[in-house]
Each structure stands twice: as C-alpha cells, then as structure tokens.
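A short write-up of the structure that comes next.
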Amino acid sequence: MRPFTYERATSAQAAAQAAAAHPNAKFIAGGTNLLDLMKLQIETPAHLIDVNHLGLDRIEKTPDGGLRVGAHVRNTDLAADKVVRKDYAVLSRALVSGASGQLRNKATTAGNLLQRTRCPYFYDTSKPCNKRKPGSGCAAIGGFNRNLAILGVSDACVATHPSDMAVAMRLLDARVETIDPHGLTRAIPIAEFHRLPGDTPHIETLLQPGELVTAVTFPKPLGGRHVYRKVRDRASYAFANVSVAAVIGDGFQHFAFGGLAHKPWRVESAEREQGADAIAAAVLAGARTTPQNEFKTILTRRTLSAVLREARA
Amino acid sequence: MSDPNDVTRRSLLAGTAAAAGIATAPALAREPVAPRKTSSRMTPKMPVSLTVNGQAETLTLDPRVTLLDALREHLHLTGSKKGCDHGQCGACTVIVNGRRINSCLTLAVMHEGDQVTTIEGLGSPEKLHPMQAAFVKHDGFQCGYCTPGQICSSVAMLGEIRDGIPSHVTEDLAHVEYSDGEVRERMSGNICRCAAYPNIIAAIREVHEA
C-alpha cells in the first residue's frame, strides 16, 4: 500500500470539503473494495477520509411512503431490515446473493454502489486497462472476456458492474442522494447514476469531485412478487454470470439485469412484452458478444424464463 | 532450547529460517538498500485505542496497518491468520462489536473504541470455547490454518441466525431457521484448503443443538 494520510470526518459536508481540499483523496466506509485495490496499488489515494461516524446508518420511512437508507447502512443490516424484507424483498434477495457474511457485515450501501469492476485486466497491473490507466488500451476485448459485458460496451471497455444490490435498486427506481463541498444536495436517479464506458471508462458515475453519497431513497412499495435469481460459477460467494431482478404484480412486470453491462441494465420498453423469449429479445437488442460470452444471451433468456415461472408459481 | 520437546511451530520455523539464512544470505539478509522514493511521503503514525479480548490496548500505528496486522504483529495475537490478505479466504475472520469481519480488509485506525474478539479471546487450551471443543471432537480441520477464522466465523454466524438475519438460501425472508444448508451458505466466506467442510458442519451443528 502506498502511504496516505487519514482523517475521521465529523459531518457529511466536512467530509466533502476535506475531499475537495486534498488532491487524490478517497472516502472510506466499509473499505472492503478500496483496501483490496489499495493493496494492489490499483487505487493509490494520498488521503483517506473515514466517513463511518456521520450518523448515515439509519433506515427510515419517508413522508411519501417510501424508504430512505443511509449511505453507511451495512449490507447485512439493509438485507435484514424488517421493512425491506417485507416491502422491498428483491433488494434483500439481491444483497444476500452477493459477497460473504463477513463482507456484508462491513460493506455499505454507498460503497456497494461505488465498487469497482472485477474485470481480471483491471486487476492485472501488468496489462493495459483504460479504466485503470486511461488511454492504455483494453486487454479484455481480445482476451479472456467470458464473464464480461455484452450490452452498452465500447471499444474502450467491456467491464461489468459487479453489484447485485444495484440491480435491485435499478428495478425499484431508487435515487442516490448526495452532498457537495458547498453543502448543496441533489438526488440522482439510479438509472443515470452509473455511466456507460464510452471512451472514458475511468469515469463511472455522475459524482463530481468531493461529492459524497448520503443516502439511497426508494419510492413507496410496488407490491407484487419479488424475485432475484443469480447464476454464477459457484453456488455461493461469486459474482454473477447473469442475474435477473423481477417484481411482478397485477398488470405490471419490471425486470433489471446484472452481469451484462457496465451498469445495472433495464429496458423499460421490454416490460410491455410477454414471455421470456420476447422480453429477452427486447432487453438484449444491440448486444455485442464474443465467442466466449455469447452464452450470456441464452443464459439471460433462460434465467428470465425461470424467474417468470417462479413468480407465477 | 532447554527442553527439546518444547518446540512450537513458530520457534521451529524461526530456527529453520536462521539456518537457511547461511546458504541463502543474499536473498534473506537485510542489506542496506537505497531509500525508496516514497519514503519522503511516509505518513506520521497515529494512536488508536481499542479493546481486544477484553483488554484495553493503545497502539501507535502507520495508518496503512490493517486490523489483522495490528493483532498479529503489534499485539502478537497470531491466532488470526493471513491467508489471501484480500478478503477471499476468511482465515483472518475476527469478531468486532459482535459482528464477524475480515480483519485484513479494514484499517486498525478505523477501530477506535471498538471491541475485538479473536480466537485467543474465545477460549484457551485449558478452557475451550464450545465451538473449539466441537471442532476438535469432529475433526473440523486438517492443517488447521483456516481454523481460527472458521471458529470465529461459526460463533458469530450462529448469532446471525438467532438474530433472524436472512441468507441466500432462506426460503421465507420472514422466518430464518437453522439448517445445514443455511450453514453451508453462510460459511462460504471461509475457505478450507483441506476440505474439512463436512466435519465443520458437524461441529457447528453440535454447538447449535447443545
């Protein structure tokens, strides 16, 4: 690990100000992804701002019948929250399908959203990677890309977003609340929060320098059947090949997909289609596959088919 | 060494390394090397006070020191093991404020005021924790390297089931019940290279049923 200075922030705005004041600063909350990357010198912050003590660890109902989840609520606590289990079950299901018990006890809501890709070339500092080192090239496109993205890809990057939680949040139309160094707050729809790689895959979200995530909010519950189905190479503790989040109720169906793109993937117009074949065809329109990862198109359709059966059982 | 039988693995390894040093001196000797370019950016050490196995401790640490390295290298509690050092194997699992975490993926300076329990705090050779006794009885290990992490994880994991925290295999999110399937899923963050898994499950089941 490269040397860094460390401070414990006392308020959200103070944390944002500290980040703006220090070049190459990072917020640290759970730290489970950041420290992993710092040990490999993929992340080399000169200053860490510990945001664990800002009181952003509460889950509360909002006046409009929705839910506000503090940025630093641990993944375990979010998955186990009684309201989440009852009214936003797809979020509980997505959370417990990710990582391990130990990691979920530490990982936070905001940190989960902001975790970096697990593309093997992002992790291999001997290889080019436009995300790790802008302009260096992409070793994944002609390399081992079996588990990489097939939707929204660019000639610069085919990385996937690894989060399960974010897939459920995309389905539930969550909003990401932030504060900037001037104390200005905003709420970013989750659909816009993560960017596609384009020719700047190192810029992954709409967050501006120093901007701190303070909460994630959800509209009032949708009702319906909630399903999260994740297909992976092991039965537990592995990233998705493909995952499908679904909420299906009387006269509506919503789907979001993980493991396919640089961000959680949702095609609202596909939700008007009926049956796994038609829905999958609409979701996968424009897919760019390689011989190694073209299985993901078939797997998406079949996983969706299983989800529809489960939801209607 | 006064008593030839009083040989721990640690002292044996240390002795072996010293002997091997004769033949491999260039690789092992700490020869003076040019200061690294980053040395001018070395950061000041920071104090941190925490409670480890019931004992108050104050350390002064480089902020880069992980909780695992603080426990092992500074407090000499070498029960917690460093396997992968990246949160993948679970050998470093300790219990902080009642929750199991990977001590390799957290900085010691972030644990001001925290209560840490390591394998040394769960039991002792004279007075084993029930989970330690069950691991011995059921042969829940072979080489033993992952065992402290497995045991800390098991103890906290049973608490998570009691607290009604759901897992990936929980059928009804509103009702969390103990099962071997639940244990297998919940222990997936602890890897055993010797694959003692069936015996680990048996040990945990015995403690659960006791």
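Numbered from 1 within each chain, the chains take letters A, B, ... in sequence-line order.
The candidate with the highest count of non-hydrogen atom pairs below 4.5 Å against chain A, out of B:Val109, B:Leu173, B:Thr106, B:Asn190, is B:Leu173. Comparing A:Leu48, A:Leu34, A:Asp77, A:Asn33 by how many heavy-atom pairs each has under 4.5 Å with chain B, the most go to A:Asp77. The most heavy-atom pairs under 4.5 Å with chain B, out of A:Ala235, A:Ser97, A:Gly31, come from A:Ser97. Contact count versus chain B (heavy atoms, under 4.5 Å) is highest, among A:Ile28, A:Asp50, A:Asn52, A:Asn105, for A:Asn105. Top candidate by heavy-atom pairs under 4.5 Å with chain A, chosen from B:Asp85, B:Thr93, B:Thr66, is B:Asp85. Contacts with chain B were tallied for A:Gly98, A:Gly30, A:Gly101; A:Gly101 has the most, counting heavy-atom pairs under 4.5 Å. Most heavy-atom pairs under 4.5 Å with chain A: of the set B:Arg186, B:Met110, B:Glu185, B:Gln88, this distinction falls to B:Met110.
If you measure heavy-atom distances from B:Asp172 to chain A, the contacts under 4.5 Å come from the backbone alone. Proximity to chain A (any heavy atom under 4.5 Å) is restricted, for B:Ser167, to the backbone atoms N, CA, C and O. Looking at A:Arg8, only its side chain comes within 4.5 Å of chain B, counting heavy atoms on both sides. Contact of B:Val176 with chain A is made through the side chain alone, with heavy-atom distances under 4.5 Å. Using a 4.5 Å cut-off between heavy atoms, B:Met46 touches chain A through its side chain atoms alone. Only the backbone of A:Ala29 comes within less than 4.5 Å of a heavy atom in chain B; its side chain stays farther off.
Formation of a donor-acceptor pair under 3.5 Å by the B:Asn199 side chain with backbone atoms of B:His138 is found in this model. B:Arg64 places a side-chain N or O within 3.5 Å of a backbone atom of A:Met1 that can act as its donor or acceptor partner. Judged by distance alone, the side chain of B:Asn102 and the main-chain N or O of B:Leu105 form no donor-acceptor pair under 3.5 Å.
A:Ile42 places none of its side-chain heavy atoms less than 4.5 Å from the side chain of A:Arg116.
For the residue pair B:His86 and A:Asp36, a side-chain donor N or O sits within less than 3.5 Å of a side-chain acceptor on the partner. In this model, a donor atom of one side chain and an acceptor atom of the other lie less than 3.5 Å apart for B:Arg100 and B:Ser153. Between the side chains of A:His47 and A:Thr5, at least one donor N or O sits under 3.5 Å from an acceptor N or O. Checked by atom type, the side-chain pair A:Asn112/A:Gln115 shows a donor-acceptor distance below 3.5 Å.
Dense packing is recorded around CD of B:Glu73, with more than 12 heavy atoms of other residues, nucleotides or ligands lying under 6.0 Å away.
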